[in-house]
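A quick note: this is a predicted structure, and the numbers were derived from the prediction, not measured. Reckoned from all heavy atoms, side chains included, excluding hydrogens, waters and symmetry mates.
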Amino acid sequence: MEQILKNAIQQAVKHLYNKEIDTNILQVQRTKKEFQGDFTIVVFPLLKISAKKPQETAHEIGTFIANIIPEIKNFNVIGGFLNICLSQNFWSNFLQKTYRNENYGTTEKNLNSKTIVIEFSSPNTNKPLHLGHLRNNFLGDAIAKILDCTGNNVIKVNLVNDRGIHICKSMLAWKKWANNKIPTDNNIKGDHFVGNYYVAFDKEYKKQVDHLIAQTNMDIEVAKKNAPIILEAQEMLQKWENNDPETYNLWKTMNKWVLEGFEKTYYQLGIIFDKTYYESETYMTGKELVINALQNNMLEKSPDGAIFIDLKDQQLDQKILLRADGTSVYITQDLGTAVIRYNDFNFDSHIYVVGNEQDYHFQVLKIILQKFGYNWAKNLQHFSYGMVELPEGKMKSREGKVVDADDLIDEMIQTATQKTAELGKLENMEDQKKQLTIKMIAMAALKYFILKVDPKKNMIFNPEESIDFNGNTGPFIQYANTRIKSILRNAKEKNIEYKNNLNIDFDINNKEINLLSAIYEFPNILEEAAKKYSPAIIANYIYELVKEFNQFYHEYSILNEENPDYRNFRLILIEIISRIIEKSLFLLGIQAPDKM
RNA sequence: GGUCACGUAGCUCAGCUGGAUAGAGCAACUGCCUUCUAAGCAGUAGGUCGUGGGUUCGACUCCCGCCGCGACUACCA
């Protein structure tokens with residue numbers, strides 16, 4: 001419709017003012033709620049051409065296009081704004097067409113569909129997941145779903161950071177202080193069990209650094225490099241990379257504990273990957289890449305033996321790619337992983353869902369791969385999202401200052417259980433189904449809370465304030481849908497059938513037009529969300545739609561509408577709304593209960 | 001020091017490529033359940049959009065300076 005209007009305006013301008021214009025300069029937008037109309041044309045940009053007052057120009061154009069577009073019922077002019085009202089006929093046709101299309105809004109895949117690899121989650125196997133990881137997982141999963149429904153072949157991959165100095169830290173701490181205890185001894189989830197040793201390592205490390213400074217007056221940076229425990233960890237990493245059997249076995253055992261823990265958390269989150277990569281299996285490729293590049297004179301070697309690349313020509317610094325002791329750093333494995341993935345999937349683009357604290361890392365990664373001659377590296381994209389912060393600042397795993405993911409999920413389920421009991425609406429539900437419903441509600445509250453925020457922005461989470469279940473929340477959206485489901489159930493019970501051949505002999509009210517207009521927007525919303533990688537756009541859209549629906553629901557009855565044609569119209573309308581709600585929630589990774 | 005983000009109501013956030021009187025939710029206060037589910041609806045109160053300039057018919061939105069907060073600038077990840 002926008003395009004039809006734009007073309008008509010183009011014609012109008014030609015006819016009225018004898019000027020050719022590009023439709024790109026035209027502004028057609030949805031009319032704001034306070035004004036009467038469906039679409040609004042902003043005439044200010046046309047004033048230079050018409051050389052007339054805004055009102056006059058708007059009237060002339062309005063009259064002209066109302067004549068050539070039969071769907072226009074009438075128009076009004078306020079200031080420089082030309083508001084177009086469409087006829088009932090337009091809307092009822094739109095409604096019926098939409099009702100017929102089960103996949104309204106989604107783009108079908110075809111031979112030209114792009115293959116997109118999306119990496120998210122990427123946990124370290126030395127500590128449990130926290131709220132920051134939740135944002136990562138929710139964003140990654142939602143973006144994957146959004147890209148999938150907008151016509152792309154999406155491959156969700158995880159990269160488990162299961163090797164490196166940080167892993168050795170928790171291994172070393174366990175070796176020193178655990179007395180061979182294992183998670184089941186204390187009935188602790190494996191990832192939490194290992195995480196405790198990571199924290200313990202850091203505590204001891206700090207102690208030793210302070211001690212060194214006090215004893216020898218050492219500079220803090222020097223002390224950090226010389227604390228006995230860090231030297232021991234470095235030694236352990238060398239042993240690991242040299243396949244020392246004892247180290248390797250300990251590593252294997254502890255990783256298993258952590259991964260078993262993660263599996264439970266992923267299950268709770270409802271997140272599944274198409275493929276999981278392990279750093280321990282990809283870092284060697286990275287190492288080989290670096291060594292080859294060195295032989296081809298693309299890299300330099302420092303006197304102590306570390307291999308680095310000089311990126312001065314890119315206004316960047318030198319970047320170490322292999323340590324002096326020959327072990328790999330973080331970027332080494334990422335180089336290898338990228339190459340392996342390109343060989344695996346031959347992707348058109350690759351998205352890394354990783355926090356904005358790693359902007360520099362990915363900038364460097366991309367440049368290095370391009371320098372190595374991989375042309376496809378230009379299609380690597382860092383989807384850089386904002387951090388989740390606590391009121392007192394950044395979360396720090398090492399210091400135990402985190403909102404633990406498992407704890408938070410448990411808390412949400414508890415709250416949902418309590419609220420559900422208070423409201424007493426699920427008392428007749430079978431227990432197992434009730435538990436599932438409660439979990440759906442709890443996870444909706446959590447996921448929506450995180451996804452409704454613009455991904456690019458940092459967000460603050462205050463653990464003192466619990467996550468809401470009222471207002472602009474996941475449960476609010478779910479609730480509106482259960483209202484619709486309930487009406488549709490009642491209609492069935494009363495044997496009210498509704499058909500798709502509408503007979504419009506009544507006047508559609510304003511609320512209904514608003515709803516139709518919101519439904520009309522849905523495909524654009526999906527496209528924009530896909531373009532910007534922003535689930536928040538969908539969350540905010542669905543909230544607006546649901547608010548509009550609730551007002552409609554409050555003001556008008558559907559089943560008690562006496563005119564059967566009108567009742568028919570409303571039933572179709574709300575069924576489409578329910579479809580859109582469910583599809584939107586699905587894209588956010590949220591399930592929709594049928595009763596709550 | 002350098003690079004990059006961000007700064008909208010007490011709190012958490014919307015505000016599309018510049019467009020009509022800056023919007024929600026939470027918290028506070030007031031109404032509405034013999035009527036399709038009140039996890040709802042309606043209303044009151046709350047703002048010099050960090051600040052000073054510039055571009056424009058028009059700036060929360062674009063450009064520059066300043067202030068504030070943060071991230072990065074590791075042979076950590």
Side-chain angles (χ1 to χ4, degrees), chain A residues 27 29-32 34-35 40 42 44-45 47-48 54 78-81 83 122 124 126 161 164-167 169 221 224-225 234 279 302 304-308 315-317 319-325 327-331 334 355-361 363 384 386-387 389 391 393-394 397-398 416 419-420 422-423 425 441 445 449 452-454 456-462 465 468-473 475-480 482-491 494 524-525 528 532 536-537 539-540 543-544 547 550-551 553-561 574 595-596:
Chain A
Q27 293 182 40
Q29 49 200 229
R30 275 181 66 192
T31 305
K32 291 204 172 190
E34 310 89 271
F35 302 94
T40 293
V42 186
F44 290 108
L47 296 183
K48 276 182 193 151
I78 299 170
F81 299 90
N83 300 317
S122 323
N124 296 329
N126 61 347
N161 293 244
I165 189 75
H166 57 302
I167 307 296
K169 286 177 181 175
E221 291 306 318
K224 275 184 181 170
K225 282 177 186 162
Q234 282 164 3
E279 229 189 89
S302 69
D304 66 359
I307 298 172
F308 67 91
Q315 303 1 309
L316 297 169
D317 234 327
K319 183 77 190 173
I320 295 281
L321 301 182
L322 277 181
R323 291 190 187 97
D325 65 8
T327 58
S328 307
V329 292
Y330 174 57
I331 201 163
D334 251 342
N356 61 17
E357 58 187 355
Q358 291 192 36
D359 286 354
Y360 184 78
H361 171 79
Q363 198 187 347
S384 164
M387 302 280 97
E389 285 165 9
K394 205 181 166 185
S397 296
R398 275 177 301 216
K419 297 229 171 192
T420 305
E422 277 168 21
L423 291 166
K425 292 181 185 179
I441 297 167
F449 174 79
K452 75 173 175 183
V453 180
D454 180 349
K456 289 213 171 322
K457 292 190 178 173
N458 289 356
M459 60 182 286
I460 294 175
F461 176 79
N462 187 348
E465 297 167 12
D468 259 302
F469 283 69
N470 298 324
N472 186 1
T473 66
F476 174 90
I477 317 259
Q478 288 176 317
Y479 180 67
T482 61
R483 281 176 149 178
I484 297 177
K485 290 288 179 198
S486 175
I487 295 171
L488 296 178
R489 271 196 307 271
N490 289 339
K494 292 180 182 171
N524 298 335
I525 295 293
E528 203 194 334
K532 293 193 177 163
I537 290 172
N540 289 315
Y543 175 62
E544 292 299 326
K547 253 197 333 186
N550 275 333
Q551 290 168 21
Y553 175 90
H554 189 256
E555 208 165 321
Y556 302 97
S557 179
I558 289 136
L559 294 177
N560 295 327
E561 170 55 46
I574 64 167
K595 283 181 188 168
M596 66 186 274

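Using a 4.5 Å heavy-atom threshold, the side chains of Thr327(A) and Ile165(A) count as separate. You'll find the side chain of Asn550(A) reaches within 4.5 Å of the side chain of Arg483(A), heavy atoms only. A 4.5 Å side-chain heavy-atom check between Ile537(A) and Lys532(A) finds at least one atom pair inside the cut-off. Side-chain atoms of Asp468(A) and Phe476(A), non-hydrogen and from C-beta on, never get closer than 4.5 Å to each other.
Comparing rA74(B) with rG68(B), their C1' atoms sit 28 Å apart, to the nearest whole Å. For the C1' atoms, the distance from rC13(B) to rC49(B) is 14 Å, rounded to whole Å. Taking the P atoms as reference points, rU3(B) lies 23 Å from rU61(B), given to the whole Å. Remark: the separation of the P atoms in rG25(B) and rC41(B) is 8 Å, to the nearest Å. Rounded to whole Å, the P atom of rG23(B) lies 16 Å from the corresponding atom of rA42(B). Here, rA9(B) and rC4(B) have their C1' atoms 29 Å apart, quoted to the whole Å. A distance of about 14 Å separates the P atoms of rG19(B) and rG58(B), rounded to the whole Å. On the C1' atoms, rC72(B) is 24 Å away from rG50(B), given to the nearest whole Å.
Spacing between atom NE2 of His166(A) and atom C1' of rC75(B) amounts to 15 Å, rounded to whole angstrom units. Following rounding to the nearest Å, Glu422(A) (CD) and rA38(B) (P) show an atom-to-atom distance of 17 Å. Rounded to whole Å, the distance from CD on Glu555(A) to P on rC41(B) is 12 Å. A straight line from NZ of Lys595(A) to P of rC36(B) spans 15 Å, rounded to a whole angstrom. To the nearest angstrom, P of rC6(B) lies 9 Å from CG of Asp454(A). Per the geometry, CD belonging to Gln315(A) stands 12 Å off C1' belonging to rG2(B), to the nearest Å. Rounding to whole angstrom units, NZ of residue Lys456(A) and C1' of rG7(B) are separated by 18 Å. A straight line from CG of Asn462(A) to P of rU12(B) spans 8 Å, rounded to a whole angstrom.
The side chain of Tyr330(A) lies closest to rA77(B), out of rC13(B), rG40(B), rA77(B). Taking every side-chain heavy atom of Asn161(A) into account, rA77(B) is the closest of rU37(B), rG19(B), rA77(B). Listed nucleotides: rC75(B), rG19(B), rA14(B). Nearest to the side chain of Ala306(A): rC75(B). Distances were taken from every side-chain heavy atom of Lys457(A) (C-beta onward) to each of rC6(B), rC16(B), rU37(B); the shortest belongs to rC6(B). When each of rG19(B), rU37(B), rC11(B) is scored by its nearest atom to the side-chain atoms of Arg483(A), the top-ranked nucleotide is rU37(B).
Side chain Gln29(A) to base rG19(B): no donor-acceptor pair is found below 3.5 Å. No donor-acceptor contact under 3.5 Å links the side chain of Ser384(A) to the base of rA5(B).
Judged purely by distance below 3.5 Å, without hydrogens or angles, the side chains of Asp359(A) and Ser384(A) pair a donor atom with an acceptor atom. For the 3.5 Å distance criterion, the side chains of Asp334(A) and His361(A) qualify, holding a donor opposite an acceptor.
Residues Thr482(A) and Gly305(A) both approach RNA chain B. Their nearest nucleotides, taken by heavy-atom distance, put Thr482(A) toward the 5′ side. Nearest-nucleotide positions on RNA chain B for Thr327(A) and Thr40(A) put Thr40(A) closer to the 5' end.
Residue contacts for Asp334(A): at a heavy-atom cut-off of 4.0 Å it reaches no nucleic acid atom on any strand shown. The residue Pro391(A) sits apart from the nucleic acid: no heavy atom pair falls under 4.0 Å. Within the 4.0 angstrom heavy-atom criterion, base atoms lie near Ile558(A). Counting non-hydrogen atoms under 4.0 angstrom, Ile441(A) reaches a base of the nucleic acid. Glu528(A) comes within contact range of the sugar-phosphate backbone alone, with a heavy-atom separation under 4.0 Å but no base atom that close.
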Please report the C-alpha distance between Lys319(A) and Ile331(A) in whole Å, then the side-chain angles of each, then the deciding distance to 0.1 Å, and finally whether the side chain to side chain contact (heavy atoms under 4.5 Å, CB included) criterion is met.
CA-CA 9 Å; Lys319(A) 183 77 190 173; Ile331(A) 201 163; 4.2 Å; yes

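A donor-acceptor pair is defined here as one N or O able to donate and one able to accept, closer than 3.5 Å; no such pair exists between the side chain of Asn83(A) and the backbone of Thr40(A). For Lys452(A) (side chain) and Asn472(A) (main-chain N/O), a donor-acceptor pair under 3.5 Å exists by modelled atom type. Thr420(A) places a side-chain N or O within donor-acceptor distance of the main-chain N or O of Ala416(A), the cut-off being under 3.5 Å.
OP1 and OP2 of rG19(B) both lie 4.0 Å or more from every side-chain N or O belonging to Lys32(A). Taking only side-chain nitrogens and oxygens, Gln551(A) comes nearer than 4.0 Å to OP1 or OP2 of rA42(B).
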Could you summarise the pairing of RNA chain B as dot-bracket text, marking Watson-Crick and G-U pairs under 3.5 Å with ( ) or [ ] inside the strand and | across strands?
((((.((..((((.....[...)))).(((((.......))))).....(((((..]....))))))).))))....

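Remark: Glu279(A) pairs with Arg163(A) by the side chain to side chain donor-acceptor pair (under 3.5 Å) rule, at least two apart or across chains. Checked against salt bridge (charged side-chain N to carboxylate O under 4.0 Å, His left out), Lys547(A) has no partners two or more places apart in sequence or in another chain. Annotation: salt bridge (charged side-chain N to carboxylate O under 4.0 Å, His left out) contacts of Glu465(A) (sequence neighbours excluded): none.
Using bins of under 30°, 30° to 60° and over 60° for the plane-to-plane angle, the ring pair Phe44(A)/Phe81(A) lands in the perpendicular bin.
By the rule that a glycosidic angle within 90° of 0 means syn, rC13(B) does not qualify and counts as anti.
For Phe81(A) and rA20(B), the ring-to-base geometry satisfies the stacking test (centroid distance below 5.5 Å, interplanar angle below 30°). Stacking annotation: Phe44(A) is not stacked on the base of rG58(B) (requires ring centroids less than 5.5 angstrom apart and an interplanar angle below 30 degrees).
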Please encode protein proximity along nucleotides 21-35 of chain B as a string of B, S and -, counting only heavy-atom distances under 4.0 Å.
B--SSS--------S

What string of B, S and - do you get for nucleotides 67-74 of chain B, 5' to 3', when a contact is any protein heavy atom under 4.0 Å?
---SSSS-

